[in-house]
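To start, the structure under review is shown below, and the notes come after it.
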Amino acid sequence: MGFEIGTLSGGHGVVHAEGELDVGNAAELRAAVNAALDAQPTLVVNLAAVTFMDSVTLGVLIGAYNRARGAGGAFVVVCTDERVSRIFRITGLDQVFVIVDSIEAASEVL
């Protein structure tokens with residue numbers, strides 16, 4: 001699996017992920033997120049096609065959130081899968097991250 005780095009209208013960075021995110025591909029996700037943040041401090045991480053996420057992935061997302069916020073940017077997660085949404089609720093990260101259900105909604109909140 002690879003990660004696609006792109007740009008939303010308005011110049012906001014976006015990283016698209018799919019499938020299972022775990023310790024096996026966390027370094028690749030971290031590299032994609034960092035590359036996007038190097039270009040722009042506002043980042044959308046699109047997890048709409050993600051079906052599983054582990055605690056290592058949460059660590060990557062927390063690091064990206066902290067980096068974006070520290071640079072004066074913003075951090076938004078797109079999440080539609082109930083299993084992934086549940087992880088955010090259990091950990092309380094749904095109260096920290098801005099989580100929306102589409103790329104369009106992410107563009108609107110930025």
Side-chain angles (χ1 to χ4, degrees):
M1 167 197 345
F3 299 95
E4 182 182 324
I5 301 170
T7 306
L8 296 178
S9 60
H12 308 298
V14 63
V15 172
H16 299 277
E18 64 180 45
E20 296 186 357
L21 300 179
D22 57 27
V23 68
N25 55 21
E28 188 178 354
L29 174 62
R30 183 176 290 109
V33 165
N34 283 335
L37 286 170
D38 286 345
Q40 166 60 254
T42 299
L43 179 63
V44 175
V45 178
N46 184 1
L47 304 178
V50 170
T51 57
F52 173 81
M53 188 171 64
D54 70 0
S55 61
V56 175
T57 303
L58 286 177
V60 172
L61 296 178
I62 292 167
Y65 169 84
N66 288 335
R67 183 171 173 202
R69 301 285 294 176
F75 181 81
V76 178
V77 174
V78 176
C79 181
T80 57
D81 187 280
E82 178 54 33
R83 294 167 292 192
V84 176
S85 294
R86 185 171 182 260
I87 293 168
F88 288 122
R89 285 192 308 274
I90 289 170
T91 60
L93 288 172
D94 63 330
Q95 301 298 310
V96 177
F97 298 158
V98 174
I99 301 175
V100 297
D101 61 3
S102 69
I103 288 289
E104 294 77 20
S107 293
E108 291 173 11
V109 299
L110 293 173

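Counting from 1, the numbers follow the sequence of the chain as shown.
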Once rounded to the nearest 0.5 Å, what's the spacing between atom CG of Leu47 and atom CD of Glu18? 11.5 Å
When you group the ILVMFWY residues by side-chain heavy-atom contacts below 4.5 Å and let the links chain together, are Leu110 and Ile5 in the same group? no
Spacing of Ile87 atom CD1 and Phe52 atom CZ [to the nearest 0.5 Å]: 6.0 Å
Please determine whether residues Phe3 and Val84 belong to a single hydrophobic cluster, defined as Ile, Leu, Val, Met, Phe, Trp and Tyr linked transitively by side-chain heavy-atom distances below 4.5 Å. yes
Check whether any side-chain N or O of Asp54 sits under 3.5 Å from a backbone N or O of Val23 as a donor-acceptor pair, and report yes or no. yes
Treat each ILVMFWY residue as a node, draw an edge where side-chain heavy atoms are under 4.5 Å apart, and state whether Val96 and Val98 are in one component. no
Taking C-beta and beyond as the side chain, do Ile62 and Leu93 meet within less than 4.5 Å on heavy atoms? yes
Under 4.5 Å between side-chain heavy atoms, hopping through other hydrophobics if needed: is there a path connecting Val15 to Val100? no
Between Leu43 and Ala64 the two heavy atoms that sit nearest each other are CD2-CB, 4.5 Å
What do you reckon, is CZ of Arg89 surrounded by more than 12 foreign heavy atoms closer than 6.0 Å? yes
Determine the minimum heavy-atom distance between Thr42 and Gly73, stating which atoms define it. OG1-CA, 3.7 Å
Taking all non-hydrogen atoms of both residues into account, name the closest pair between Ile103 and Leu8 and its distance. CG2-CD2, 3.5 Å
Taking every non-hydrogen atom, the tightest pair across Val78 and Asp101: CG1-C, 3.9 Å
If the plane angle is over 60° it's perpendicular, under 30° parallel, otherwise tilted; pick one for Tyr65 and Phe97. tilted
Val45-Ile99 co-clustered via ILVMFWY side chain contacts under 4.5 Å: yes
What heavy-atom pair brings Gln40 and His12 nearest, and what distance separates the two atoms? CG-CA, 4.1 Å
From Asp81, Leu61, Asp22, residue fulfilling side-chain contact (heavy atoms from CB on, under 4.5 Å) relative to Met53: Leu61
What's the shortest heavy-atom distance between Val14 and Asn46, and which atoms? CG2-CB, 4.4 Å
Quick one, Val33 and Phe75 - any side-chain contact, counting heavy atoms below 4.5 Å? no
If I take atom CD from residue Glu28 and atom CG from residue Leu21, how far apart are they, to the nearest 0.5 angstrom? 10.0 Å
State, with a plain yes or no, whether a side-chain heavy atom of Val50 is found less than 4.5 Å away from one of Thr57. no
